[in-house]
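To keep things clear, I will list the structure first and then write my remarks on it.
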Amino acid sequence: MMFRLFADYPPVNREAWCFIMKNYKDYNLEDFLLDDSFRLWITRQDGSTSDLWERIAREYPDKKVIMQQAGDLIRSWKAHSAGVSDSELEEQVQRILETTTSKQPEQKPVTMLSRWFAMAAAVAVVGFGIGWYAWTGSPEKHTAVAYSDYVAKTSLPMKEMINTSNNIMLLTLPEGSKVKLHPKGRISYPAQFVHDKKREVYLSGEAFFDVVKDAQNPFFVYANGLVTRVLGTSFRVKTTSTNVEVLVSSGRVSVLPIKDIDHPGDHNAELLLTPNQQAIFSVKDHLISKSITNMPLELIKPDPEDGFVFENQPVSKIFSALEKVYGIPIIYDASVMENCSLRVELSHEPFFVKLDVITQTIGAAYRVSDGQVIVTSEGCN
Amino acid sequence: MQEDLIRWKRFKDGDVAAFESIIRDEFRALFEYGTRFIHDRDTLNDCIYDLFTSLWDRKKFLADTDQIRPYLLKSLRNRLLKEKERANHLTGFDSWQEQTEPEDNAESRIITSETSALRERRISSVLGSLTPRQREIIHLKFFENLSNEQISDVLEISRPAVSNLLSQALRLFRDKWQATISTLFFLLTF
């Protein structure tokens, strides 16, 4: 059979032909529609492949109908063209060229008024510069909450570890909790680690904590004006001169500014974080904002073993699967998006890539606010 | 494409001939794409006119591109969407079927002679059942033969989203197509 084929159509390279045959045998309607060379042949933009396509139709008679349909669809799509006539085109080209290329770019005269504005603007910039310098000029005021002050203030005998190496340093605290201390990080804790029903650590730099569960003795991390309180969990704390970031990997963590720790009744300042959420604390104005980590991790494996595969499912179902796996709340208007359904095949893409694919397919948008994803859409019809 | 890049640079340097050749080569493609958003020909002509005149005014500040057509399609798209927000006289894709029948050009005459009017109507109804977004992406693929990468650039969506949207549109396409074939068969048997 194959031999006869080559005998009939001698000029085709044998290997190339085998490859082609293998390819097109399993072609369905979509494959033909998406095949660049097929489309160009159908629209008569490229005649060089005629032989090949006619041969395929002959060799695979069962494909002939599909090819015919695909061709019809493409031609029909093209036939719906608006059809700009030559004279119309000429008219529009002349119209554009007349306004653009015939006139010289206008030179706007500089009036006294605009000069005055320019000077006023310059003065304003200088004034702002001075004000800004004064505001930031006394940094000592803000470091009252800094690491060394805390460590100096405490009356208990302290132990201190400093990571002077270029590698992450692995520490085990006296009660068993693990700390991965990043280079240049410093950590201090009382020699008598568990005291007054508390476990306390002072941090400068960045560290990842895996805290042993002990509900009786909560674990506190003090870092640059922010206190992070946990019972047993894992999380990362990163301090810079301006910010403290807390990223939660598992369990629940609460954070609050150190200045509010003496008012335990006031829980307004305290913020609860769940996995894949992060808090960013601004050292200067003592404000905490909640967000989502850049690369959220799967907290549980997705339900079907093959990942996120949804065959024309309502978007609400897809969102709730995402929520479950990443533990990140997704907020959207269910009534507006009632008719939005889609087919989507996702597996191990990062969380935000998954969100991109889903929202862009249905023409929606999202933003992250307060540790949640907010999806906005005008609906689908 | 190197050719595009050279032409674009000449246009940015104020070369009128290069500018004119870009308008001549791209006007029709822009107009076709535009009719997928807006049906009033005069308004569309105005939008394309605004696009080119503003390109000329800002030519010194434009980034280089070696993909003139996708670049212009994207610019026109953004312009049309802005226009849509501003005034509500854009009808959107949804009136596809109300569009006047295509002009009696050579292509459609060939189709009508090859196939029955019934078949032509069937295709129209399949195309008409797609969502605006699906029709837009199919236009870029079928009419403009753009690559997925170029489409992702024009629509400003990620490449995985392009292939997902495209496969979704084509699957729907196929399903509707087969559905119309079976109804046809049903009609013919009676």
Side-chain angles (χ1 to χ4, degrees), chain A residues 28-31 33-34 36 39-40 42-45 65-66 68-85 88-102 105 311-312 341-346 349 353-354 356-363 380-381, chain B residues 14 16 19-20 23-24 27-28 31-32 34-35 41 44-45 48-49 52-53 55-57 94 96 99 102-103 105 107-108 110-111 114-115 119-120 123-124 126-127 131-133 138-139 141-143 145 147 155-158 160-162 164-168 170-174 177-178 181:
Chain A
N28 60 25
L29 185 73
E30 292 110 291
D31 296 325
L33 291 173
L34 283 178
D36 292 346
R39 281 200 314 277
L40 290 174
I42 286 293
T43 54
R44 300 190 170 74
Q45 284 168 273
V65 179
I66 293 180
Q68 176 81 35
Q69 291 177 349
D72 282 349
L73 281 168
I74 292 165
R75 274 191 296 263
S76 159
W77 185 266
K78 291 229 161 189
H80 277 279
S81 81
V84 178
S85 69
E88 218 176 332
L89 175 68
E90 199 52 43
E91 193 189 315
Q92 295 304 324
V93 172
Q94 290 312 326
R95 185 175 160 220
I96 295 165
L97 289 177
E98 258 166 43
T99 31
T100 49
T101 56
S102 63
E311 195 64 51
N312 286 332
S341 56
L342 70 155
R343 196 195 73 81
V344 71
E345 259 181 61
L346 299 166
E349 300 87 351
V353 173
K354 287 193 175 90
D356 278 345
V357 170
I358 294 164
T359 53
Q360 291 172 359
T361 300
I362 58 171
C380 312
N381 31 21
Chain B
V16 178
F19 183 52
E20 185 175 344
I23 304 172
R24 282 190 194 284
F27 190 89
R28 281 198 165 98
F31 197 90
E32 294 299 343
T35 54
R41 292 176 83 102
L44 180 54
N45 272 329
I48 300 176
Y49 168 86
F52 278 117
T53 50
L55 279 178
W56 182 260
D57 290 342
D94 39 4
W96 166 269
Q99 244 179 308
E103 274 137 64
N105 56 22
E107 218 158 24
S108 67
I110 294 167
I111 296 174
E114 276 177 357
T115 66
R119 192 169 185 177
E120 165 82 1
I123 293 168
S124 290
V126 170
L127 298 181
T131 69
R133 226 175 150 70
I138 286 181
H139 177 86
K141 196 75 192 171
F142 286 10
F143 212 96
N145 287 313
S147 69
L155 299 183
E156 290 177 274
I157 62 179
S158 70
V162 169
N164 194 60
L165 193 58
L166 203 54
S167 83
Q168 188 186 0
L170 290 178
R171 192 179 281 237
L172 197 77
F173 217 73
R174 189 188 58 186
W177 185 251
Q178 275 159 357
I181 290 176

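A, B, ... follow the sequence lines: proteins, then strands. Residue 1 opens every chain. None of the values given here were measured: they were computed from a predicted structure. What you see below is based on every heavy atom in this structure, not just the backbone, and it leaves out hydrogens, waters and symmetry mates.
Contacts with chain B were tallied for Asn312(A), Ile96(A), Val357(A); Ile96(A) has the most, counting heavy-atom pairs under 4.5 Å. Contact count against chain A (heavy-atom pairs under 4.5 Å) is highest for Ile157(B) among Leu165(B), Ile157(B), Ile48(B). Per-residue counts of heavy-atom pairs under 4.5 Å with chain B were compared for Leu40(A), Val353(A), Leu342(A), Asp356(A); the largest is that of Leu342(A). Chain B forms more heavy-atom pairs under 4.5 Å with one residue of Ile358(A), Thr359(A), Val344(A) than with any other, namely Val344(A).
Proximity of a side-chain donor or acceptor of Arg171(B) to a complementary backbone N or O of Glu30(A) within less than 3.5 Å is not detected. In this structure a side-chain-to-backbone donor-acceptor pair under 3.5 Å is present from Arg28(B) to Val84(A).
Ring-plane geometry between Phe52(B) and Phe19(B) is classed as perpendicular, the angle between the planes exceeding 60 degrees on a 0 to 90 degree scale with a lower cut at 30.
Distance check, rounded to the nearest 0.5 Å: CZ of Arg95(A) to CG of Leu97(A) gives 12.0 Å.
Residues Arg133(B) and Ile362(A) come closest through the heavy atom pair CD-C, 4.3 Å.
For Glu88(A), the part sitting under 4.5 Å from any heavy atom of chain B is the side chain, from C-beta outward, and nothing else. Using a 4.5 Å cut-off between heavy atoms, Ile138(B) touches chain A through backbone and side chain atoms alike.
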